Amino acid sequence: MYTKFQQHLQAELQQIQAAGLYKRERVIVSPQTSGIQVAADGKQADVINFCANNYLGLANNAELIQAAKDCMDRRGYGMASVRFICGTQDTHKQLEKAISDFFGTEDTILYASCFDANGGLFEPLLTADDAIISDALNHASIIDGVRLCKAVRYRYANGDMQDLEKQLQAAQAQRFRILATDGVFSMDGNVCPLDKIYELAQKYDAMVMVDESHSAGVVGRTGHGVTERYNLRGKIEIITGTLGKAFGGTVGGFTTGKKEIIDMLRQRSRPYLFSNSLPPMIAAAGVKTLEILTRSNELQERLHGNTEYFISKMKAAGFDIKPTESAICAVMLYDAKLSQDFAAALQQEGIYVTGFYYPVVPKDQARIRVQVSAAHTREQLDRGVAAFIKVGKQLGVLK
């Protein structure tokens, strides 16, 4: 059987390569920060990193590293258990409280990743009598979580409040309703209109779930996410998020919100019940991250300044940039192969980016997603813009 299956896979992979859609991994041989070293063809090259989720520059922060080291000395390396058996340490509870305090919520539950948090969210809470109304551009983890649930599914066009209202009207046939949205849509960088979403949820008796993975630490005056941006702190029933982006760039996810919802997830959420607890050092570093973000807005202010500077320079150069209120700058190229060629040429110029294309984004919507960090210097931002302009002219994107 495998011989036939192998031939099938080989043909599929060849088609992916021929279409210019094959994904290749590049190897980093340095810590994750705004300037990194990559290895290729037996050589190492210094490049400026514009494609990490390291929004606040904390992935190589000395305080987080020390907090992790200290915790390893106090609490060991791994838990070797799930939470409800013998996998809960005081450090996990401290992190859950810190996350709740950050978002102004009642309780928090930790997961191995936000993919697990979203995947394990809906099925324990809803039945076939209920409904989920989901934004069309929601992250794959939300989509998978919805698929695992028996609730009736409704979908509305990205950020389209007229379509959302239409779907909410249809969902009145069900018992309970959860409206699910990303806070920041990761491929475009746009922020969900949470104020309008909340108004419609109130009008049509629905709960709201927001994934803050790309917005927590970034959006809002002090980086507390879309609930701060729209003055809805503590009013949203469910928030999911990750430690893997602005909050230190490590592993781990969470769901935070109403205490009864969190309690039910502890009882029935399968990724929580059947996955090992986060390593203590990760939890301790997470606590330190939230301490850093609570005591100062310096990193958020630096990020906001860097983002505004970079995007204004790119627009002035003539690039097609998606509207954004986040640290994501989508440079639209539309053609999949062009996005790969553009990224490869930029790496030759010392700029590390990735081309995104189908199925990560819709067909004919290929782009390079630039992610700005608080760790970037103005010199690095200027070098990035200059390289984009040079390659853009070489490849005919700019005149």
Side-chain angles (χ1 to χ4, degrees), residues 56 58-59 61 63-121 124-125 209-213 216-217 223-225 227-228 233-295:
L56 297 178
L58 292 173
N61 178 272
E63 287 188 71
L64 303 192
I65 293 170
Q66 191 60 52
K69 288 179 178 179
D70 291 344
C71 188
M72 285 184 70
D73 290 339
R74 298 193 314 271
R75 295 291 184 268
Y77 173 65
M79 293 307 303
S81 180
V82 300
R83 285 284 295 269
F84 79 97
I85 298 177
C86 62
T88 302
Q89 282 189 350
D90 53 351
T91 312
H92 298 111
K93 303 306 292 184
Q94 291 163 10
L95 177 56
E96 288 172 341
K97 183 180 185 305
I99 292 170
S100 298
D101 290 345
F102 185 86
F103 288 101
T105 50
E106 295 175 359
D107 199 4
T108 298
I109 179 174
L110 298 176
Y111 288 87
S113 68
C114 189
F115 207 107
D116 278 351
N118 287 335
L121 174 63
L125 302 176
M209 170 266 177
V210 181
D211 182 333
E212 291 263 29
S213 291
H224 281 64
T227 59
E228 179 189 36
R233 178 179 167 84
K235 295 182 180 180
I236 302 302
E237 287 84 3
I238 303 169
I239 295 172
T240 62
T242 180
L243 303 178
K245 295 180 174 58
F247 290 170
T250 182
V251 296
F254 57 85
T255 299
T256 188
K258 301 300 183 183
K259 59 185 179 63
E260 295 85 0
I261 291 174
I262 302 306
D263 198 14
M264 186 58 71
L265 294 176
R266 290 192 195 280
Q267 306 308 309
R268 294 182 178 173
S269 183
R270 291 166 71 86
Y272 178 81
L273 293 172
F274 298 104
S275 297
N276 263 16
S277 307
L278 284 180
M281 59 184 175
I282 300 297
V287 173
K288 178 59 69 172
T289 295
L290 293 166
E291 177 189 314
I292 291 171
L293 299 187
T294 300
R295 74 186 182 214

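All values derive from a computational prediction rather than experimental measurement. These numbers come from the heavy atoms of this one structure, side chains and all, not from hydrogens, waters or symmetry mates.
- For the atom pair Ile238 CD1 and Asp211 CG, the distance stands at 12.0 Å (nearest 0.5 Å).
- Considering only heavy atoms from C-beta on, Leu121 comes within 4.5 Å of Thr255 through its side chain.
- Between Pro124 and Leu265 the shortest heavy-atom distance is CG-CD2, 4.0 Å.
- Each side-chain hydrogen bond (donor to acceptor under 3.5 Å, both in side chains) pair with one or both residues in residues 237-248, not counting sequence neighbours, appears once here: Asn118-Thr240.
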Could you pull out all donor-acceptor pairs under 3.5 Å where a side-chain atom in residues 280-287 meets a protein atom, sequence neighbours excluded?
none

| message | Walk me through whether Leu293 and Leu56 qualify under side-chain contact (heavy atoms from CB on, under 4.5 Å). | response | CA-CA 10 Å; Leu293 299 187; Leu56 297 178; 3.5 Å; yes
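- Listed by chain and number, the residues in a salt bridge (Lys or Arg N to Asp or Glu O under 4.0 Å) with Asp90 are Arg75 (sequence neighbours excluded).
- Nearest heavy atoms, Glu228 versus Gly223: OE1-N, 3.3 Å.
- With sequence neighbours excluded, no residue forms a side-chain hydrogen bond (donor to acceptor under 3.5 Å, both in side chains) with Gln94.
- Residue pairs meeting the ring-ring contact (aromatic ring centres under 6.0 Å, His included) criterion with at least one member in residues 77-102, sequence neighbours excluded: Phe102-His224, Phe102-Phe247.
- With sequence neighbours left out, Lys93 forms a side-chain hydrogen bond (donor to acceptor under 3.5 Å, both in side chains) with Glu96.
- Thr88 pairs by the side-chain hydrogen bond (donor to acceptor under 3.5 Å, both in side chains) definition with Arg83, not counting sequence neighbours.
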| message | Show, in sequence, the C-alpha distance, side-chain angles and deciding distance for Leu273 and Val82, and conclude whether the side-chain contact (heavy atoms from CB on, under 4.5 Å) test is met. | response | CA-CA 6 Å; Leu273 293 172; Val82 300; over 6 Å; no
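- The list of side-chain hydrogen bond (donor to acceptor under 3.5 Å, both in side chains) pairs with a residue in residues 271-288, not counting sequence neighbours, reads Arg266-Tyr272, Lys288-Glu291.
- For Asp101, the salt bridge (Lys or Arg N to Asp or Glu O under 4.0 Å) criterion is met by Lys97, not counting sequence neighbours.
- Every residue two or more places apart in sequence or in another chain that forms a side-chain hydrogen bond (donor to acceptor under 3.5 Å, both in side chains) with Thr108 is listed here: Ser100, Thr256.
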| message | Under the criterion side-chain contact (heavy atoms from CB on, under 4.5 Å), I'd like the reasoning laid out for Lys69 against Asp73: C-alpha separation, chi angles, the key distance, then a yes or no. | response | CA-CA 7 Å; Lys69 288 179 178 179; Asp73 290 339; 5.5 Å; no
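- At least one side-chain heavy atom of Ile292 sits under 4.5 Å from a side-chain heavy atom of Leu64.
- A distance of 11.5 Å separates CD1 in Ile239 from OG in Ser213, rounded to the nearest 0.5 Å.
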| From CA spacing to verdict: side-chain contact (heavy atoms from CB on, under 4.5 Å), Ile261, Glu106 | CA-CA 10 Å; Ile261 291 174; Glu106 295 175 359; over 6 Å; no
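- Counting all heavy atoms, side chain and backbone alike, Gly217 lies closest to Ala246 at CA-CB, 4.1 Å.
- Of all heavy-atom pairs between Leu278 and Ala112, the closest is CD2-CA, 4.2 Å.
- Taken from CZ in Phe254 to OG in Ser113, the straight-line distance is 12.0 Å, to the nearest 0.5 Å.
- Contact record, Arg233 with Phe103: NH1-C, 3.4 Å, taken as the closest heavy-atom pair.
- Closest approach of Thr105 to Ile99, counting heavy atoms only: OG1-O, 4.4 Å.
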